[in-house]
Amino acid sequence: MKILVVGSGGREHALCWAVARSPLCDKLYCAPGNAGIAAVAECVDISGNKIDAITDFATANAIDFVIVGPEEPLVLGLADKLRAAGIPTFGPSAAAAALEGSKGFMKDAVARFGVPTAAYGRFTDRDAARAFVARQGAPIVVKTDGLAAGKGVTICQNVDEAYAAIDEAMVGRRFGDAGAELVIEEFLDGEEASFFAICDGTNAVALAGAQDHKRAFDGDQGPNTGGMGTYSPAPVLTPAIEAEIMDKMILPTVRGMAAEGKPFVGVLFAGIMVVNGPDGQPVPKLLEYNVRFGDPECQVLMRRLKSDLVELLLAAAQGDVSGQQPQWHDEAALCVVMAADGYPGDYQKGTRIGNLAAAGQVPGVEIFHAGTKPGPDGAVLANGGRVLGVTAGAARIAEARELAYRAVDLIDWKEGFCRRDIAWRAMARGL
Ligand code: AMP
Ligand code: GLY
């Protein structure tokens, strides 16, 4: 098959790395890709958001299967366009991608489907939003309805912070149209994790869980980022909790979306808060849905996955995952993100990254590129905020961590930084 992966980040490098290993893949393209992806796929210089240009390329090159990485092209309707052109596609329609694209849509939908989640209100009026905050008290969470590049969520410790967050979005228009409507919801206190399931429109099969580290600096300090490191499996997601997530969240959502004429085809990424239930037992609650693989969760999932990724995703695109049972290597995986100094604020592009080849030789290590471009004489240059995902697999999380940091220490990049405490919760549990 000729396969096209859409996207340019670490998630897409990991996807390409897994797709390239499949016996079903004869030729792999990635649009637009990056310097690391170029080692496993032919990069095509088209942005994923150019949905007409992507569809034209796929048609002109007789692509047999498209896998869409990021949420933006999905929200813009890329999967609809590709399917209308007769090209099997892994990724939801624009209507189903609203589960991520509109938090208000998501909250109303999961309320109808009976999914356990934080209590909430939806607001387009500033005074009504303020009145809700005054009634609920703090801590409370203010979220923009639309996509705001991961910056639209404010955890407010007191009501004044919440009033300020409301004004910033609705009066200051800091997030543009994305903040014209707000979701304000109950603060959930617990341990956060990510869970993934592959959906075929009417049914779903569990993939696996992972734990991300969203703050920029060690000890979960500093600003929120897209994710500074992950590991999988996530100990907080016990088999019982994962079964509960499938039964009470994923399956009701997939069935509900189908019943409402918006079948979800793709990977459903449930952001979970595991809270303490009334008698102290852990209970999963849904924080949010994303309609794509997590980044950098995808890197650890692909490192662990033993079965054929293409077979699995194609089964979903063709409408039947019932015969699929993902198999895993008997290993844990861990990913350390290396980011450009300054990220998630302003950062420099074009700095030179050295010694990647030697770092990639550390046993069990794969280096997934997130934001790189090729430079002169085979050099690799930084070209984004998150730049590399140094990923290792080993029998235990502690060993994978040791291998990943050994590789990180070999990389010669003075203008970059990483967290040194990825998987601290697992280390605290002696894993
Ligand atoms: P989201 O973009 O919805 O994932 O929110 C970003 C982050 O804010 C999440 O990863 C959580 O850490 C946090 N968050 C979102 N909603 C809540 C909530 N209701 N209670 C506590 N933390 C939350
Ligand atoms: N790493 C979190 C996300 O992809 O949204």
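All residue numbers refer to positions in the sequence shown, counting from 1. Every number for a ligand or one of its atoms is a count from 1 in the order of the listing.
For ligand 2 and G226, the ligand atoms under 4.0 Å from any heavy atom of the residue are 1 (N), 2 (C). Heavy-atom proximity to G294, at under 4.0 Å, picks out these atoms of ligand 2: 4 (O). Every atom of ligand 2 is numbered from 1 in the order shown, and the set under 4.0 Å from a heavy atom of F269 is 3 (C), 4 (O), 5 (O).
Checked against a 3.5 angstrom limit, the closest N/O atoms of D212 and ligand 2 fall inside it. Considering backbone and side-chain N/O of R292, one or more are found under 3.5 Å from N/O of ligand 2.
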Per-pair distances, ligand 1 N/O vs protein N/O, less than 3.5 Å:
from, atom 1, to, atom 2, distance (Å)
ligand 1, 3 (O), K103, NZ, 3.2
ligand 1, 3 (O), K143, NZ, 3.2
ligand 1, 3 (O), E288, OE1, 3.3
ligand 1, 4 (O), E288, OE1, 3.0
ligand 1, 4 (O), E288, OE2, 2.5
ligand 1, 10 (O), E192, OE2, 2.4
ligand 1, 10 (O), K214, NZ, 3.0
ligand 1, 12 (O), E192, OE1, 2.5
ligand 1, 12 (O), E192, OE2, 3.3
ligand 1, 16 (N), K143, NZ, 3.0
ligand 1, 16 (N), E185, OE2, 3.4
ligand 1, 19 (N), E185, OE2, 2.7
ligand 1, 19 (N), E186, O, 2.9
ligand 1, 20 (N), L188, N, 2.8

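Classification of K107 and E181 as a salt-bridged pair fails, no side-chain N sitting under 4.0 Å from a carboxylate O. Ionic pairing of D421 and R401 is not present here: no N-O contact between side-chain nitrogen and carboxylate oxygen is shorter than 4.0 angstrom.
In this model, a donor atom of one side chain and an acceptor atom of the other lie less than 3.5 Å apart for Q211 and Y231. A donor atom on one side chain and an acceptor atom on the other are not found under 3.5 Å apart for R83 and T89. In this structure, a donor-acceptor pair under 3.5 Å is absent between the side chains of T230 and E297.
Scored by the side chain to side chain contact (heavy atoms under 4.5 Å, CB included) test, E402 finds R406 as partners (sequence neighbours excluded).
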Distance-only criterion, 3.5 Å: show the donor-acceptor pairs between side-chain atoms of residues 329-344 and protein atoms not counting sequence neighbours.
from, atom 1, to, atom 2, distance (Å)
Y343, OH, G226, N, 3.0

Can you list, pair by pair, the side-chain donor-acceptor contacts under 3.5 Å of residues 273-291, counting residues two or more places apart and other chains?
from, atom 1, to, atom 2, distance (Å)
D279, OD1, Q281, NE2, 3.2
Q281, OE1, D279, N, 3.3
E288, OE2, N290, ND2, 3.4
Y289, OH, M249, O, 3.2
Y289, OH, T253, OG1, 2.7
N290, OD1, R292, NH2, 3.3

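Both tests pass for R130 against the ring of Y163: distance under 6.0 Å to the centre and angle within 45° of the axis.
Using a 4.0 Å cut-off between heavy atoms, E297 contacts ligand 2 through its side chain alone, with no backbone atom that close.
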